Amino acid sequence: MSAPDSDRARVVRENLDRVRRRITDACAEAGRDPEEVTLIVVTKFFPVSDLRILADLGVRHIGENRHQEAVEKADQTRDLDLTWHFVGNLQSNKAAAVAAYADVVESVDRPKLVGALSRGAHEHDRVVDCLVQVNLDPPAGVSGTGRGGADPADVLPLAERLTQAGGLRLRGVMTVAPPDQDPAPAFRRLAEIARAVRELDPGATWISAGMSADLEAAVKASATHVRIGSAVLGRRAQIK
Ligand SMILES: *Cc1c(COP(=O)(O)O)cnc(C)c1O
């Protein structure tokens, strides 16, 4: 079998076109400028060759959720002009290392991470943009599912801590919609929380919400960043 690179590139291009159109349509419906919405393609489980295809197609923002995979891919694509978003659960003992290559850490959900990220940013002489990940799963559900995110009540203190930490810049909030239900209420709630965070720091304007299945609801609820994996790259191996 010859390497079906061009087939893969065609599939990714068609998928990407479809996703870009969905974003444009959702913006039109919401009366928003599509320029306000940044597409992050989440490339977890997909090879570096896909990142090259994406870069060729004008994608600049890449999301990854595991440190080991992310650091290897970032290392192998240094020749590309990519912005790296770390979107996964972060162990505090990995946080300093993530600060070495991540331009944005979207999953800050506890105070311990702030110190570790700040230390890493200093060590590598970088400034890392940070989002507070908010857990909007219904209470009393199955907890400890490892989805991550700060309790809404803990978001402001955590955001404040980020504004005070050297090498880190508070940019806003992020969420993953609760599973198996209408995402709209969670996204509206996130927008409210985002407003409160913005009062703390006017520079914290980012709202990262929306994945392949629910980007329209997120755009409608003021998302500035959508994180799209499968709708662009196809099904992932079912590990998580
Ligand atoms: C995998 C992942 C995504 C993308 O999910 P899709 O449903 O494939 O679009 C977005 N956000 C986070 C945090 C992820 O881990």
Side-chain angles (χ1 to χ4, degrees), residues 8 11-12 14-23 25-26 37-47 50-51 53-54 57 59-71 73-74 82-91 94-95 98 102-110 113 117 128-137 145-150 155 171-184 186-187 190 193-194 206-221 223-240:
R8 178 62 176 157
V11 168
V12 172
E14 287 170 1
N15 289 345
L16 185 64
D17 284 349
R18 209 173 301 122
V19 165
R20 284 174 167 158
R21 212 169 313 123
R22 282 175 63 191
I23 294 170
D25 289 351
V37 180
T38 299
L39 168 63
I40 301 161
V41 177
V42 181
T43 52
K44 62 191 184 203
F45 297 117
F46 289 98
D50 279 358
L51 276 83
I53 290 171
L54 290 166
L57 295 169
V59 171
R60 288 289 161 261
H61 293 267
I62 296 293
E64 284 284 340
N65 73 336
R66 287 156 198 255
H67 166 60
Q68 196 52 44
E69 185 175 346
V71 69
K73 285 175 173 171
L82 298 175
T83 298
W84 289 85
H85 295 247
F86 191 87
V87 302
N89 277 335
L90 189 49
Q91 293 167 256
K94 302 269 174 67
V98 168
D103 300 287
V104 188
V105 175
E106 300 205 3
S107 45
V108 180
D109 63 359
R110 55 196 191 280
L113 288 178
L117 285 167
V128 179
D129 288 328
C130 291
L131 303 183
V132 175
Q133 182 178 350
V134 188
N135 179 2
L136 295 171
D137 288 359
T145 49
R147 287 157 48 80
V155 170
R171 297 312 300 260
V173 293
M174 177 272 232
T175 203
V176 177
D180 308 320
Q181 54 182 277
D182 176 9
F187 290 154
L190 184 70
I193 293 168
W206 297 3
I207 300 176
S208 177
M211 312 190 350
S212 292
D214 56 21
L215 77 85
E216 285 83 2
V219 167
K220 193 173 175 192
T224 62
H225 293 68
V226 293
R227 309 177 309 270
I228 311 298
S230 50
V232 173
L233 294 173
R235 290 176 84 85
R236 293 180 286 275
Q238 287 296 329
I239 293 179
K240 223 175 167 182

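Counting begins at 1 with the first residue of the sequence. What you see is a predicted model; the values in this text were computed from it and never measured. Order of appearance sets the numbers: ligands from 1, and atoms from 1 within every ligand.
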Novice: Would you say Arg236 contacts ligand 1, with heavy atoms under 4.0 Å as the rule?
Specialist: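 In this structure, Arg236 qualifies as a contact of ligand 1 - some heavy atom is under 4.0 Å.
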Novice: I want to confirm something. Looking only at heavy atoms, which of Gly234, Gly229, Gly149, Gly63 is nearest to atom 4 (C) of ligand 1?
Specialist: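 Nearest heavy atom to atom 4 (C) of ligand 1 lies in Gly229.
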Novice: Need the ligand 1 atom indices (1-based, order shown) with element for anything under 4.0 Å from a heavy-atom of Arg227.
Specialist: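 Contacts of ligand 1 toward Arg227, numbered from 1: 4 (C), 9 (O), 10 (C), 11 (N), 12 (C), 13 (C).
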Novice: Give the minimum heavy-atom separation between Leu39 and Leu16, together with the two atoms involved.
Specialist: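 Here Leu39 and Leu16 meet closest at CD2-CD1, 3.7 Å.
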Novice: Do the rings of Trp206 and His225 sit parallel, tilted or perpendicular, given the 30° and 60° boundaries?
Specialist: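 Trp206 and His225: tilted rings.
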Novice: Which ligand 1 atoms does Ile228 reach within 4.0 Å, using its non-hydrogen atoms?
Specialist: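 Checking each atom against Ile228, I get 9 (O).
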Novice: What atoms in ligand 1 come closer than 4.0 Å to a heavy atom of Val87?
Specialist: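 By the 4.0 Å cutoff, the relevant atoms are 12 (C), 13 (C).
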Novice: Taking 4.0 Å as the limit for heavy-atom contacts, which would you say applies to Glu106 with ligand 1: side chain only, backbone only, both, or neither?
Specialist: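 Near ligand 1, Glu106 shows nothing, with every heavy atom at 4.0 Å or more.
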Novice: Tell me the side chain to side chain donor-acceptor pair (under 3.5 Å) pairs involving residues 210-220, sequence neighbours left out?
Specialist: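 Of all non-adjacent pairs touching residues 210-220, those that pass side chain to side chain donor-acceptor pair (under 3.5 Å) are Arg22-Glu216, Ser212-Ser230.
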Novice: Taking side chain to side chain contact (heavy atoms under 4.5 Å, CB included) as the test, write out the residues that go with Asp25, two or more places apart.
Specialist: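 Only Arg21 meet the side chain to side chain contact (heavy atoms under 4.5 Å, CB included) criterion with Asp25.
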Novice: Counting N and O atoms only, with roles assigned by atom type, does the side chain of Asp109 sit under 3.5 Å from a partner on the main chain of Gly149, one being a donor and the other an acceptor?
Specialist: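 Judged by distance alone, yes, a pair lies under 3.5 Å.
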